Amino acid sequence: MQGQVRVRFAPSPTGYPHLGNIRTALFNWLFARHTKGVFILRIEDTDQARKVEGATEIIMESLKWLGLDWDEGPYFQSQRLDMYRRYAEELVNEGKAYWCFCSSERLDKMRQDQMARKLPTGYDRHCRNLAQEQVQATKSSGTVPVVRFKSPLEGQTTVEDLIRGEVIFANSTLDDFVLLKSDGYPTYHLANIVDDHYMDISHVMRAEEWLSSTPRHVLLYRAFGWQPPQFAHLPMILGPDKSKLSKRHGATAINEYQDQGYLPEAMINFLALLGWSLDDKTEIMTVEEIVKNFSIERVSKTAAVFNIAKLEWMNGMYIRALGTQEFSDRSLPFVERALPPAVKRPIDAGYLEQIAPLVQERAKTLSEVPSLVDFFFTSTVEYDRELLWGKLDSKQASDILGKSIAALEKTLAWDAEQLEAAIRPLTEELGFKAGPFFGVLRVAITGRTASPPLFQTMEVLGRELCLARLAAASDMLKA
RNA sequence: GGCGCAUUCGUCUAGGGGUUUAGGACGCUGCCCUCUCAAGGCAGAGAUCACCGGUUCGAAUCCGGUAUGCGCUACCA
């Protein structure tokens, strides 16, 4: 299939995928979907030492959560060891690579030395020209070698980058990097090139940190006689201190955002805008719109600082756009998980749905919902009695409560309209403004000074609970 | 130290030589709405487009240099 776009997301399972990784996955996916191409998932598990148990599963779950479905894979490099070894040996046989027996001690010392003398660091090519017999002898003595690539000593290598243009590297700055490690695993460089070629990858879209090693990759393609794919190095995502985003910056793993109640659709929208833009004004977009409009030409060159305040805003926008039922359903697991243990389970979904419209526009994340709705579920509410009167005094609060209880006891239809009709006239009667007056009732009923509108809250809470809480407040003032 | 990339409001960004008194968004401030908190509406502050030279009638936009930031510099990816 000539001309078809084939891209891949190739994470290494050395940890949970963070925002930067996922943004890379997203851009690849967007490009594939936009071009009706193929999106491939490949797990680059060639580092046995840093491998993290369960990371592959989390990677796949995260992609699924966001709706980034892949068409092929997951492929695992650890299952293709023979192939990499074969290609490494092929290069050795052709004189384009060589066996290196240098111990890590020697390498360390060499590096220390170079740094101390302020010289560029890099392998000193000690084993580059070993005689055939020497290689055989050392091998049979039991020393396990690595395979190193024979980088050209002079000339330059040009990388064509779709985002950055032509980037030129002097070959003298490239050392003889390792292709095959002594444990039989390939390095990233080898496995990556072999796989990208073998999988017929048309575009390599990855983070900018890879730009420096791209000339090595170009050289490798050339050594194999293969056509390199097109490269596009994406701008990096930075923490507030402008350094590469990492665990140091707090929550960076994508699944933490899921736990914190961010919606996948908001996450996609936000991440898409980190390094890409549609125009000078459009920000809220559906995935379909993003897919339709995505292009590498509009990817920016400059690194972006991850701005969580804007993510929160955007998530709030998406939450408010949800239907009540949808919002309620998606909040349920969070409520189930975070409400006090005393609240009986399972949580009444129907009741939650009644509450939902009252809190929906007040939540920036789903994980805030439990703390917004808890007083609807507990039998009583707790608060400091001073809260009850606020700027008034306890005597006034006591009057307000007494009169309100009396009026409410006579109210038969317990809906917001009737409740307001019963209470509001009292404010004038007793000479208070509505604010402070309702404030007393609000604290008595919800236990807090900020809540959804009073009468709607009372309607949902029901006559019995409301009267009980008002009575409790009244008693509290007498005590 | 070497190599590479980048540089527009605090942050995300628009801008591809004259339409720019540099536009939008988040955040911030104020006002309106209002029973509180939100949401919403309106207004405002906030960028000598890193700096210095050059090209041009004209530069945020093109070209050099400098500075700063970041990345890479592993038998990690």
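Quick caveat, the model's predicted, so the values are computed rather than measured.
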Novice: Could you tell me which nucleotide pairs with B:rG10 by Watson-Crick or G-U wobble geometry, both distances under 3.5 Å, or answer none if nothing does?
Specialist: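 Its partner is B:rC26.
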Novice: Scan nucleotides 73-77 of chain B against the protein and return all N/O pairs shorter than 3.5 Å with their distances rounded to 0.1 Å.
Specialist:
residue : atom : partner : partner atom : Å
B:rU73  : O2'  : A:T121  : OG1          : 3.0
B:rC75  : OP2  : A:R148  : NH2          : 3.3
B:rC75  : O2   : A:S182  : N            : 2.7
B:rC75  : O2   : A:S182  : OG           : 2.6
B:rC75  : N3   : A:S182  : OG           : 3.0
B:rC75  : N4   : A:C102  : O            : 3.3
B:rC76  : OP2  : A:K181  : NZ           : 3.0
B:rC76  : O2'  : A:D47   : OD2          : 2.5
B:rC76  : O2'  : A:R50   : NE           : 3.3
B:rC76  : O2'  : A:R50   : NH2          : 3.0
B:rC76  : O2   : A:R50   : NH1          : 3.3
B:rC76  : O2   : A:R50   : NH2          : 3.0
B:rA77  : OP1  : A:T46   : OG1          : 2.8
B:rA77  : OP1  : A:K181  : NZ           : 2.7
B:rA77  : OP2  : A:Y188  : N            : 3.1
B:rA77  : O3'  : A:E44   : OE1          : 3.2
B:rA77  : O2'  : A:S12   : OG           : 3.0

Novice: Rounding to an integer number of angstrom, what distance separates B:rG1 and B:rA47 when you compare their P atoms?
Specialist: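 33 Å, rounded to whole Å.
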Novice: Between P on B:rU36 and CG on A:L454, what's the gap in Å once rounded to a whole number?
Specialist: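 So the CG-P distance, A:L454 to B:rU36, works out to 11 Å.
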Novice: Who does B:rG64 pair with, Watson-Crick or G-U, both distances under 3.5 Å?
Specialist: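 Matched B:rG64 with B:rC52 under the 3.5 Å cut-off.
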Novice: Give a yes/no on whether any side-chain N or O of A:R117 is located under 4.0 angstrom from OP1 or OP2 of B:rG1.
Specialist: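 It does not, given that no N or O in the side chain of A:R117 lies less than 4.0 Å from OP1 or OP2 of B:rG1.
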Novice: With P as the reference atom in both, quote the distance from B:rC26 to B:rU68 in angstrom, rounded to an integer.
Specialist: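 To the nearest whole Å, 35 Å.
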Novice: Sticking with atom P, work out how far B:rC35 lies from B:rG44, rounded to a whole angstrom.
Specialist: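 It comes out at 28 Å once rounded to the nearest Å.
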Novice: Can you say whether the rings of A:Y257 and A:F306 are parallel (under 30°), tilted (30 to 60°) or perpendicular (over 60°)?
Specialist: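 A:Y257 vs A:F306 ring planes: perpendicular.
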Novice: With RNA chain B as reference, determine whether A:P120 or A:P452 sits nearer its 5' end, using the nearest nucleotide of each.
Specialist: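 With A:P120 and A:P452 compared, the 5'-side residue is A:P120.
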Novice: If I pick the C1' atom on B:rG46 and the same atom on B:rC12, what distance separates them, to the nearest angstrom?
Specialist: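 Comparing C1' positions in B:rC12 and B:rG46 gives a spacing of 15 Å.
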Novice: Take atom P in B:rU48 and the same atom in B:rA22, then report the distance between them in whole Å.
Specialist: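 Rounded to whole Å, the distance is 11 Å.
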Novice: Measure distances between side-chain N and O atoms of A:S212 and base N and O atoms of B:rG71, and say whether any donor-acceptor pair falls under 3.5 Å.
Specialist: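 Counting by modelled atom types and ignoring angles, a donor-acceptor contact under 3.5 Å is found here.
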Novice: Can you identify which nucleotide, out of B:rA39, B:rC70, B:rC35, has its nearest atom closest to the A:R320 side chain?
Specialist: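 From the listed options, B:rA39 comes nearest.
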Novice: Of A:P453 and A:K118, whose closest RNA chain B nucleotide lies nearer the 5' terminus?
Specialist: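 The answer here is A:K118.
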Novice: What I want to find out is whether A:K51 reaches A:D47 closely enough, with some N-O distance under 4.0 Å, to be called a salt bridge.
Specialist: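 Salt bridge: no.
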Novice: Now, which nucleotide makes the Watson-Crick or G-U wobble pair with B:rG40, with each of the two distances under 3.5 Å?
Specialist: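 When the pairing criteria are applied, B:rC32 turns out to be the nucleotide that pairs with B:rG40.
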Novice: Expressed as a whole number of angstroms, how long is the span from A:M317:CE to B:rC26:P?
Specialist: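 Distance, rounded to whole Å: 8 Å.
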Novice: Assign A:G439 to base, sugar-phosphate, or nothing according to its heavy-atom contacts below 4.0 angstrom with the strands shown.
Specialist: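 Since no nucleic acid heavy atom lies under 4.0 Å of A:G439, the category is nothing.
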Novice: Could you check how far CD of A:Q456 sits from P of B:rU34, rounded to whole Å?
Specialist: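 So the CD-P distance, A:Q456 to B:rU34, works out to 15 Å.
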Novice: With rounding to the closest Å, how many angstrom separate the P atoms on B:rA60 and B:rA67?
Specialist: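 So the two P atoms sit 24 Å from each other.
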Novice: Give the rounded distance in Å between these two atoms: CZ of A:F437 and P of B:rU34.
Specialist: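 In whole Å, B:rU34 P and A:F437 CZ are 19 Å from each other.
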Novice: Checking A:E312 now: which residues fulfil side-chain hydrogen bond (donor to acceptor under 3.5 Å, both in side chains) with it, not counting sequence neighbours?
Specialist: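 If we apply the side-chain hydrogen bond (donor to acceptor under 3.5 Å, both in side chains) test to A:E312, skipping adjacent residues, there are no hits.
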Novice: Does anything in residues 423-458 of chain A pair up under ring-ring contact (aromatic ring centres under 6.0 Å, His included), and if so which pairs, sequence neighbours excluded?
Specialist: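 Checked against ring-ring contact (aromatic ring centres under 6.0 Å, His included) - neighbours excluded - the pairs reaching residues 423-458 of chain A are A:F438-A:F455.
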Novice: Is A:N171 reaching over with its side chain to a backbone N or O of A:S151, donor-acceptor style, under 3.5 angstrom?
Specialist: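 Pair absent, no side-chain N/O of A:N171 close to backbone of A:S151.
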Novice: When you compare B:rG53 with B:rA14, how far apart are their P atoms, in angstrom units rounded to a whole number?
Specialist: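 My reading of the P atoms in B:rG53 and B:rA14 gives 29 Å.
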Novice: Using both distances under 3.5 Å as the test, list the Watson-Crick or G-U wobble partner of B:rU19, or none.
Specialist: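 Looking at the geometry, B:rU19 pairs with no nucleotide.
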Novice: Rounded off to whole Å, could you give me the CD-to-C1' distance for the A:Q156 and B:rG4 pair?
Specialist: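 It is 14 Å, rounded to the nearest whole Å.
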Novice: Taking a pair as Watson-Crick or G-U wobble with both distances under 3.5 Å, which nucleotide is matched to B:rC5?
Specialist: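 Check on B:rC5: paired to B:rG69, both distances under 3.5 Å.
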Novice: Are A:F27 and A:F294 an aromatic pair by the rule of ring centers under 6.0 Å?
Specialist: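 Yes.
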Novice: Considering only atom C1', compute the distance from B:rA77 to B:rC72 and round it to an integer number of Å.
Specialist: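 B:rA77 and B:rC72 have their C1' atoms separated by 12 Å.
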Novice: Taking atom types as modelled, find out whether A:Q77 and A:D195 have a side-chain donor-acceptor pair closer than 3.5 angstrom.
Specialist: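 Short answer, yes.
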Novice: Strictly below 4.0 Å, N to O, side chains only: are A:K109 and A:E105 in salt-bridge contact?
Specialist: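 Between A:E105 and A:K109 there is no salt bridge, as every charged N stays at least 4.0 Å from the carboxylate O atoms.
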Novice: In whole angstroms, how far is the P atom of B:rC37 from the CG atom of A:D374?
Specialist: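 The answer, rounded to whole Å, is 19 Å.
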Novice: Should B:rG16 be called syn or anti, with syn set as within 90° of 0?
Specialist: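 Nucleotide B:rG16 adopts syn.
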Novice: Write down the distance between CH2 (A:W313) and C1' (B:rG24), rounded to a whole number of angstrom.
Specialist: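 Spelled out: CH2 on A:W313 to C1' on B:rG24 is 10 Å.
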Novice: Ring pair (Phe, Tyr, Trp, His ring centres under 6.0 Å) with A:F149: which of A:Y87, A:F177, A:Y98?
Specialist: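 With A:F149 as partner, A:Y87, A:F177, A:Y98 yield a single ring pair (Phe, Tyr, Trp, His ring centres under 6.0 Å), made by A:F177.
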Novice: With a 4.0 Å cut-off on heavy atoms, is A:I168 in touch with a base, just the backbone sugar-phosphate, or nothing at all?
Specialist: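 Sugar-phosphate contact only - A:I168 comes under 4.0 Å of backbone atoms but never of a base.
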Novice: Considering Watson-Crick and G-U wobble pairs with both distances under 3.5 Å, what does B:rA59 pair with?
Specialist: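 When the pairing criteria are applied, nothing turns out to pair with B:rA59, so the answer is none.
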Novice: Do the side chains of A:E89 and A:R85 get close enough for a salt bridge, i.e. N-O under 4.0 angstrom?
Specialist: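 Judged by the 4.0 Å cut-off on N to carboxylate O distance, A:E89 and A:R85 do form a salt bridge.
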Novice: What does the B/S/- profile of nucleotides 62-68 of chain B look like, 5' to 3', with a 4.0 Å heavy-atom cutoff to protein?
Specialist: -------
Novice: Could you check whether A:Y185 gets within reach of a base, just the sugar-phosphate, or nothing at all, counting any heavy atom under 4.0 Å?
Specialist: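 The answer is nothing, as A:Y185 stays clear of every strand by at least 4.0 Å.
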Novice: Hey, are A:S12 and A:R50 close enough side-chain-wise for a donor-acceptor pair under 3.5 Å?
Specialist: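 No, A:S12 and A:R50 have no side-chain donor paired with an acceptor closer than 3.5 Å.
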Novice: Treating primed atoms plus P, OP1 and OP2 as sugar-phosphate and everything else as base, which nucleotides of nucleotides 6-17 of chain B get B, S or - for protein heavy atoms under 4.0 Å?
Specialist: SS---BBSSS--
Novice: If we ignore angles and hydrogens, is there a donor and acceptor under 3.5 Å between the side chains of A:D241 and A:H249?
Specialist: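 Indeed, the side chains of A:D241 and A:H249 share at least one donor-acceptor pair under 3.5 Å.
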Novice: Just checking A:M115: base, sugar-phosphate only, or nothing, at a heavy-atom cut-off of under 4.0 Å?
Specialist: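 Here A:M115 touches no strand at all.
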Novice: Starting at atom CD of A:E459, determine the distance to atom C1' of B:rC35, rounded to an integer number of angstrom.
Specialist: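 Atom-to-atom, A:E459 to B:rC35, this comes out as 16 Å.
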Novice: Between A:K301 and A:D161, does any side-chain N to carboxylate O distance fall below 4.0 Å?
Specialist: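 Answer for the salt bridge query: no.
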Novice: May I ask you to decide whether A:E265 forms a salt bridge with A:R330, counting only side-chain N to carboxylate O separations under 4.0 Å?
Specialist: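 The answer is yes: the pair qualifies as a salt bridge.
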Novice: Which one is paired to B:rC76, where only Watson-Crick or G-U wobble pairs with both distances under 3.5 angstrom count?
Specialist: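 Partner of B:rC76: none.
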Novice: side-chain hydrogen bond (donor to acceptor under 3.5 Å, both in side chains) with A:S78: which residues, sequence neighbours excluded?
Specialist: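 With sequence neighbours excluded, A:S78 shows a side-chain hydrogen bond (donor to acceptor under 3.5 Å, both in side chains) to A:D45, given in chain and number order.
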